[in-house]
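These notes are about the structure you will find just below.
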Protein chains: 2
Amino acid sequence: MTGTRAYHHGDLRRALLAAALEAIEEVGPGALSLRDLARRAGVSHAAPAHHFGDKAGLLTALAAQGFDLLAQTLSEARDDLLGAGVAYVDFAVRHRAHFEVMFRPELYRTDDAEVVTAQGRARAALRAGVAALPTRGTPADPDRDSLAAWSIAHGFATLWLAGALPDRVGEDPREAARAVLRRLVT
Amino acid sequence: MTGTRAYHHGDLRRALLAAALEAIEEVGPGALSLRDLARRAGVSHAAPAHHFGDKAGLLTALAAQGFDLLAQTLSEARDDLLGAGVAYVDFAVRHRAHFEVMFRPELYRTDDAEVVTAQGRARAALRAGVAALPTRGTPADPDRDSLAAWSIAHGFATLWLAGALPDRVGEDPREAARAVLRRLVT
DNA sequence: GATCCTATCTTGCCATTGACAAGATGCCCC
DNA sequence: GGGGCATCTTGTCAATGGCAAGATAGGATC
């Protein structure tokens, strides 16, 4: 049941997804090898195909999982721009593998049903989180506002993950993100 | 000289880089195949190795080229946040292949000398472009300001390229970017 | 003008990978 | 206890990246 079973592995699908997350953290989603995952799980090289069809199938499952996780994370965050933005960046750093797959549509099937619904959940949570920026002068436009908030959080997260930011931003992504996001909210 | 010559191709290095840009626009940098490039250029499958060593070598050359191009683009843009930001997004869309390689450090050698100097140029142009945001109340912090500007432009560009933005943002990346960036500058 | 010399490109090869086909294994349910 | 089915294995193929060894050309040197 819970254990690591023999021949009929018992939980191979979950084991492969977990192994995939590990592998992606090490080499990135592009260099992911199904055969390597099979080795990590101790099964034959063709076993993954049964559960996911092909590599895109596996990454599709990961993407759906990732969007669900993001939706959950955002809905638990503080209900303002700063809280949601920091939570977004934190998610990207802590769930790097998921995040990197989610925003690389060429790697998976974006029209997959589970992906689409999970994406919808994440999108809704995002909009609820950033609510509305305090607007000055210009008439409020919630669409533009949430787009701006999403952009700055996503950009910071992406640059952080790419290692493109100067050392001076420090070691703590949450703290650094808060300082940057504050520029939008002040 | 200019033409497409036989055996000793004459301009193979350049031809391969051009072919790589084409191929990356079609299938992304991850699915790039050296053998496919060789076929496009009409040479044998091992010819690229002579000029670039390996795949990472070719992508390193592309990354350096990309950072130089970005530096040039930014230095020609209007000298405020809106102008620089729009130019940044426009660069990402028009030079998608370069842009996608530049911010995927696992694909190339980030410690390459040409890459490092080109990166420096781009960084300087970026800082000059965003200059300083108008600050209200809080004491000015140019580092944080330019980081915020970079983040929002980079985030918007990345989301645009990933096709993650809702249809409602429209077809023109420059116009859409301007609307979003204005939230930071207003 | 002949000869070397080196950058450039080719041919041949090997290990790895993704994908597919066919077969083996074990569990569940009647 | 026997059929049926999901699960996993073995075997194979084409494509790829990378390496080694060789062929070719174009210029430099004498």
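In the text below, chain A, chain B and the rest are named by the order of the sequence lines, each starting its count at 1.
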Inset, instruction - Verify the contact: side-chain N or O of B:His50 to OP1 or OP2 of C:dT8, cut-off strictly under 4.0 Å; return yes or no. - result: yes
Inset, instruction - Examine D:dC8: is either OP1 or OP2 under 4.0 Å from a nitrogen or oxygen in the side chain of A:His51? Give yes or no. - result: yes
Inset, instruction - Indicate for each nucleotide in nucleotides 13-21 of chain D, in 5' to 3' sequence, whether protein heavy atoms under 4.0 Å reach the base (B), only the sugar-phosphate (S), or nothing (-). - result: ---SBBB--
Between atom [atom1] in [X] and atom [atom2] in [N], what is the gap in whole Å?
| X | N | atom1 | atom2 | value |
| --- | --- | --- | --- | --- |
| B:Phe52 | C:dC9 | CZ | C1' | 14 Å |
| A:Leu58 | C:dG18 | CG | P | 11 Å |
| B:Asp11 | D:dA25 | CG | P | 19 Å |
| A:Leu59 | C:dG18 | CG | C1' | 13 Å |

For the pair [X] and [Y], find out whether any cationic side-chain nitrogen is under 4.0 Å from an anionic carboxylate oxygen.
| X | Y | answer |
| --- | --- | --- |
| B:Arg127 | B:Asp143 | yes |
| B:Arg109 | B:Asp54 | yes |
| B:Arg78 | B:Asp80 | yes |

Inset, instruction - Mind telling me whether A:His154 and A:Trp150 have parallel, tilted or perpendicular rings, with 30° and 60° as the class edges? - result: perpendicular
Inset, instruction - Please state whether the rings of B:Phe103 and B:Phe67 are parallel, tilted or perpendicular, taking 30° and 60° as the class boundaries. - result: perpendicular
Solution key, residues 40-52 of chain A side-chain donor-acceptor pairs under 3.5 Å, sequence neighbours excluded:
unit_1: A:Arg40; atom_1: NE; unit_2: A:Asp36; atom_2: OD2; d: 2.9
unit_1: A:Arg40; atom_1: NH1; unit_2: A:Glu22; atom_2: OE1; d: 3.4
unit_1: A:Arg40; atom_1: NH2; unit_2: A:Glu26; atom_2: OE1; d: 2.9
unit_1: A:Arg40; atom_1: NH2; unit_2: A:Asp36; atom_2: OD2; d: 3.3
unit_1: A:Ser44; atom_1: OG; unit_2: A:Ala46; atom_2: N; d: 3.4

